[in-house]
Amino acid sequence: MRSLRTDAERAEAAALVQDRQRWLTLRGLPVPARADIPALFRDPQAEPAGLFEDGLLLACMILQREPDLGRGEGPCLFLGHVHTLPDRSDDMIRLITLWASDFAARLDLPRVRADALARHPLDADPIARFLNRLTDMGWDLRGSGTGQTGERVARLELAAEHRPGLDALVGCSVHQSRSAADERSVA
């Protein structure tokens, strides 16, 4: 897992997002309609990260440390706009789950949060099967609400947990910048 810093890496992530959205559309599954998600990965102000294997980008996401989600639920690492290569979702989501839990713990954040687009009731397919897989991986479903792009989402939460042996499976070179609160306490 590493930060996507170059224009080429960001463009590769935007292309992966477009491929994934096309794949979802062909299967009649929901894709965000209110935001240009590929453009978010090209934005120099964003903090995209990618999961790579042998130089191939397998998944990408936008990381937010301690975002104001308007939920009053305390600090977290927020995984925004998580996209995987088509047909490789479950394995990639498992790795992202393990990595995010460990990364949040290393940042001294108590939890990880993410949203999943949910246009249907949470107990109806296609979202119900996906949410069941996520809860089997350790995520807690915290209901539904309006996400960052204004669309209905399922709200997910995962406890941060140090995973000392994870480096053997997932190397990490994501930039570990300090939070704004940490910066103020140093000044």
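Small disclaimer: the values here were computed from a predicted structure and weren't measured.
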Working for side-chain contact (heavy atoms from CB on, under 4.5 Å), residues L58 and F52: CA-CA 6 Å; L58 302 174; F52 289 83; over 6 Å; no

Stepwise side-chain contact (heavy atoms from CB on, under 4.5 Å) check, L117 with E151: CA-CA 7 Å; L117 191 59; E151 298 187 78; 3.8 Å; yes

Residues M61, M1; criterion side-chain contact (heavy atoms from CB on, under 4.5 Å); working and verdict: CA-CA 10 Å; M61 68 207 71; M1 185 69 76; 3.8 Å; yes

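Minimum heavy-atom separation, L63 to A49: CD1-CB, 3.8 Å. Shown here for D19 and R22, the closest heavy-atom pair between the two residues is OD1-NH1, 2.9 Å. Of all heavy-atom pairs spanning A105 and A160, the tightest one is N-CB, 3.7 Å. In this structure, R119 and P30 approach most closely via the heavy-atom pair NH1-CB, 3.3 Å. I127 and H120 get closest at one heavy-atom pair: CG2-O, 4.2 Å. Here the closest non-hydrogen pair linking S101 and A159 is OG-O, 2.9 Å.
Taking CZ of R20 as the start and CG of L24 as the end, the distance is 5.0 Å to the nearest 0.5 Å. From D43, atom CG reaches atom CG of L40 across 7.0 Å, with rounding to the nearest 0.5 Å. Expressed to the nearest 0.5 Å, how far CD of E47 lies from CZ of F41 amounts to 12.0 Å. Taking CD1 of I93 as the start and CZ of R133 as the end, the distance is 9.0 Å to the nearest 0.5 Å. Once rounded to the nearest 0.5 Å, the distance linking CD of E53 with CG of D91 reads 9.5 Å. Separating the CG atom in L107 from the CG atom in D102 is a distance of 9.5 Å, to the nearest 0.5 Å.
R106 has its side chain within reach of H162: a pair of non-hydrogen atoms, C-beta onward, lies under 4.5 Å apart. Between R152 and L122, some side-chain heavy-atom pair lies under the 4.5 Å cut-off. Contact of the Q21 side chain with the V17 side chain is registered, since non-hydrogen atoms from C-beta on lie closer than 4.5 Å. Side-chain contact between L79 and I96 is present, with heavy atoms from C-beta onward closer than 4.5 Å. Within the 4.5 Å cutoff, no side-chain heavy atoms of C76 are placed close to those of L109. L77 places none of its side-chain heavy atoms less than 4.5 Å from the side chain of Q64. Between R155 and S144 there is no side-chain heavy-atom pair separated by less than 4.5 Å.
By the rule that hydrophobic residues join a cluster once side-chain heavy atoms approach within less than 4.5 Å of another member, I62 and V153 end up as members of separate clusters. In the hydrophobic clustering of ILVMFWY residues, with side-chain heavy atoms under 4.5 Å counting as a link, I37 and L85 come out apart. The hydrophobic clustering, which links ILVMFWY residues whose side-chain heavy atoms are closer than 4.5 Å, places W139 and W99 together. Criterion: ILVMFWY side-chain heavy atoms under 4.5 Å apart, direct or through other members. Under it, L51 and L158 are part of a common hydrophobic cluster. Taking hydrophobic clusters as Ile, Leu, Val, Met, Phe, Trp and Tyr residues chained together by side-chain heavy-atom distances below 4.5 Å, F130 shares a cluster with L141.
Surrounding CG of D7 are at most 12 heavy atoms belonging to other residues, nucleotides or ligands under 6.0 Å away.
Between L131 and the options L156, D123, D136, a side chain to side chain contact (heavy atoms under 4.5 Å, CB included) holds for only L156. Paired with P48 under the rule side chain to side chain contact (heavy atoms under 4.5 Å, CB included), one option of H81, R42, R10 passes, and it is R10.
Within the cation-pi definition used here (under 6.0 Å to the ring centroid, within 45° of the axis), R65 does not qualify as a partner of F78.
In terms of modelled atom types and a separation under 3.5 Å, the side chain of E12 and the main chain of A8 share no donor-acceptor contact.
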